Protein chains: 2
Amino acid sequence: MNEQLKLDNQVCFPIYALSREIIGLYRTELEVLDITYPQYLVLLVLWEDGTQTVNQIGEKLKLDSGTLTPLLKRLEVKGIVSRCRCSADERVVHIALTEKGAVMEQMAAGIPERVMKMSGISQESLDQLKEMLASVMGQMCAFRKKEL
Amino acid sequence: MNEQLKLDNQVCFPIYALSREIIGLYRTELEVLDITYPQYLVLLVLWEDGTQTVNQIGEKLKLDSGTLTPLLKRLEVKGIVSRCRCSADERVVHIALTEKGAVMEQMAAGIPERVMKMSGISQESLDQLKEMLASVMGQMCAFRKKEL
DNA sequence: TAAAATTAAATTGTACACAATATAATTTGA
DNA sequence: TCAAATTATATTGTGTACAATTTAATTTTA
């Protein structure tokens, strides 16, 4: 059979599998906060950069309004963020942390370290992996821009 | 703010983002075959190993019956696989390629190479990444086993 | 400046993921 | 041997992803 089609020779499958595996580790930690991993990513953005438009969040997380709108509505229902139309430009919706959402940052502070401990991956491998991923993402983005 | 919570310091987010990015590249290629990326993964398993039970596919792709059952039904509706209860053990369902499903292997033969070309990632980086991912997955699995 | 183009979110529809539970068949063990 | 435990798949329900379309507001430009 074609070597290229063997599961072990795929590059994307291990990325996809590892992604789901690590998100699974986050799940245990995040269910204490009653949020999902994509919701947690939105909070990382808000904790770091403050109030953002839906578009700004989408650019940072590479997610579109079809994903974000319902997700943000769920965070609003939980009382973690507020959503309000920009008065200067009625097309735009500003997403802000509520007090509850802001306080959650303290509770989340230890999560990344605990998840990495749970993974059993050495610090050295984590550092290498992070560097590798940045390089690969960089190559993809550079190539994509060149295509235009 | 807590350095650990900055988006740029996350390990999981770039994995998750890269996974979606590359699957997006596959999408263009796979829509010619009228299948999704997870459906393509199931076909990789069947092309490589022949008829499999739902469980065997699930172990190889780390997916459960909640994901696989409906996915396999969709592949059945498309005429790509057949599903039939094992006569020796009525709990088991065997998933086999139809003739159409088998023929599709030829059409898929060039996909991995084309997708990697489209990504703009150098061969060297791809090889390094693949090795890195295998190592990291190995560490995770070894650690998980040790936990029991 | 009014129509055309663009932009930002929202909506619709399909397809995963996955936890939790259900169902049915097979194995185990008292 | 038959009730209890286990196993394999299916079902249910929630929450992403993402393409395609819609809606409404703003900018551009003829």
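Per chain, numbering begins at 1; letters A, B, ... match sequence-line order. Fair warning: this is a prediction, and the values are worked out from it, not measured in the lab.
- Taking all atoms of both residues into account, the shortest heavy-atom contact from A:W47 to A:A108 is CH2-CB, 3.6 Å.
- In this structure, the side chain of B:K62 does not engage the main chain of A:E21 through any donor-acceptor pair within 3.5 Å.
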key: Letter per nucleotide, 5' to 3', of nucleotides 7-17 of chain D [B base touched, S only sugar-phosphate touched, - untouched; heavy atoms, 4.0 Å]   = BSBBB---SBB

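- For B:E3, the side-chain hydrogen bond (donor to acceptor under 3.5 Å, both in side chains) partners two or more places apart in sequence, or in a different chain, are B:K6, B:N9.
- Within the structure, salt bridge (charged side-chain N to carboxylate O under 4.0 Å, His left out) pairs that include any residue of residues 39-53 of chain B comprise B:D49-B:K60 (at least two apart or interchain).
- Remark: B:E131 engages no residue in a side-chain contact (heavy atoms from CB on, under 4.5 Å) (not counting sequence neighbours).
- Salt-bridge check for A:K117 with A:E113: passed, with a basic side-chain N closer than 4.0 Å to an acidic carboxylate O.
- Applying the side-chain contact (heavy atoms from CB on, under 4.5 Å) test to A:A96 and every residue at least two apart in sequence or in another chain returns A:T51, A:S82.
- Where DNA chain C meets chain A (any atom under 4.0 Å from a heavy atom), the bounding nucleotides read 5' to 3' are C:dT7 to C:dA19.
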